[in-house]
There are 2 protein chains.
Amino acid sequence: MVVRGLPSLADAEVDRIFHALADTTRRDILDRVIRGEQSVSSLAREYPMSFAAVQKHVAVLQRAALISKQRRGKEQIVHAEVGALRRAAELLDRYEQLWRHHAAAIEQLLAEDRSPAGKKEGKAP
Amino acid sequence: MVVRGLPSLADAEVDRIFHALADTTRRDILDRVIRGEQSVSSLAREYPMSFAAVQKHVAVLQRAALISKQRRGKEQIVHAEVGALRRAAELLDRYEQLWRHHAAAIEQLLAEDRSPAGKKEGKAP
DNA sequence: TCCACGTACAACCATGTGGTTGTACGTTAC
DNA sequence: GTAACGTACAACCACATGGTTGTACGTGGA
């Protein structure tokens, strides 16, 4: 198991990151806090749902290490943590590279097939 | 709502892509089919779960447009679709750029703050 | 001091998710 | 034709998820 060939992150960690990103509200929260840190309550005011619901979304993002909270007075300030985001992006990039590598190999095989005369042509028996 | 400032993909589409990626088994399936297309049954043999369960995972990946199926004889051949993957990667990259842009702006503000004498210092009234 | 605000957390509910088993349908090999 | 294989799909189950409301706790300002 475990996405062989892509060493980096632990499975559960990746699960948490992508799960956190798989919700429009949470992506929007992330977007907002990247543009500037905000308190949980100021975030909550932006969405048509209860404060508790937004609190849960923030908790999901925090478990994924995409954000962190920091007390300031009576408010809890949310700010973005770019690390997890970067690692997720790197993972996707690696999938893409893998794809390109594979595509190139296929292309090569096809090319060899199309010119059966001159090349190494011999297959193992 | 809607991750303002990041135009591209429809929310539901992004939801589906990240949700599909938020599972170790599904990422592993994706990894395998990127390395070479396989039938659903040959994929199923790789995991300690029923054929039906693997079928469902494949369906989730297909709904996210990360893979597609193609009948070949009695088998259903799964192959990777790099498009959705690329768009997801681009979205993450844009979050990162946004972050860098924001970080740079903050840095700038701090710098201006630290040298209050010489600079443009004047704020709009 | 007291009140209002921001937060935390538990309980609850409907729905979705990941898994199972069972059954039915096509296609290929014999 | 029949058997075997690969697939599709429905029904079911346990549990997670995303939402609600209600209550309790800290903190800061009047």
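Just so it is clear: chains get the letters A, B, ... in the order the sequence lines come, proteins before strands, and each one is counted from 1. Worth saying up front: this structure is predicted, and the values here are computed from it rather than measured.
- Checking A:Gly73 against A:Asp23, the closest nucleotide of DNA chain D that is more toward the 5' end is the one next to A:Asp23.
- With distances taken from any side-chain atom of B:Ala53 to the nucleotides C:dT20, C:dG18, C:dG6, the minimum falls on C:dT20.
- The residues A:Glu107 and A:Arg100 are annotated as not salt-bridged, no charged nitrogen and carboxylate oxygen being separated by less than 4.0 angstrom.
- As rounded to whole Å, 15 Å separates atom P of C:dT17 from atom CG of A:Asp15.
- Here the side chain of B:Lys56 is nearest to one of C:dT20, C:dT7, D:dG19, namely C:dT20.
- Regarding B:Arg72, its CZ atom lies at a distance of 22 Å from the P atom of C:dG26, rounded to whole Å.
- For A:Lys74 and B:Ala22, each mapped to the nucleotide of DNA chain C holding its nearest heavy atom, the one lying further toward the 5' end belongs to A:Lys74.
- The phosphate of C:dG6 has OP1 or OP2 within less than 4.0 Å of a side-chain N or O from A:Arg45.
- Residue A:Ser50 places at least one side-chain N or O under 4.0 Å from the OP1 or OP2 atom of D:dT20.
- Mapped onto DNA chain C by nearest heavy atom, B:His19 and B:Ala52 fall at different nucleotides, with B:His19 at the one closer to the 5' end.
- At whole-Å resolution of the value, CD in A:Gln55 and C1' in C:dC5 are 13 Å apart.
- Within the structure, a side-chain polar atom (N or O) of A:Arg26 is placed less than 4.0 Å from OP1 or OP2 of D:dG18.
- Taking CG from B:Leu21 and CG from A:Asp15, the interatomic distance works out to 10.5 Å, rounded to the nearest 0.5 Å.
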Quiz item: Can you list the steps and then say if A:Ile77 with A:Arg71 is a side chain to side chain contact (heavy atoms under 4.5 Å, CB included)?
Solution: CA-CA 6 Å; A:Ile77 305 298; A:Arg71 183 138 229 136; over 6 Å; no
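- Regarding B:Phe51, its CZ atom lies at a distance of 16 Å from the C1' atom of C:dG18, rounded to whole Å.
- Atom pair A:Ile77:CD1 and C:dA8:P shows a separation of 11 Å (rounding to whole Å applied).
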Quiz item: Are A:Asp23 and A:Arg27 close enough, and set up right, to give a salt bridge (Lys or Arg N to Asp or Glu O under 4.0 Å), and what steps lead you there?
Solution: CA-CA 6 Å; A:Asp23 181 284; A:Arg27 285 195 304 276; over 6 Å; no
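- Per the geometry, CE belonging to B:Met49 stands 7 Å off P belonging to C:dT20, to the nearest Å.
- The phosphate of D:dT7 has neither OP1 nor OP2 within less than 4.0 Å of any side-chain N or O from B:Gln76.
- Rounded to an integer number of Å, the gap from B:Gln70 CD to D:dT7 C1' is 16 Å.
- Taking CZ from B:Arg45 and CD from B:Gln38, the interatomic distance works out to 9.5 Å, rounded to the nearest 0.5 Å.
- Rounded to whole Å, the distance from NE2 on B:His57 to P on C:dG16 is 18 Å.
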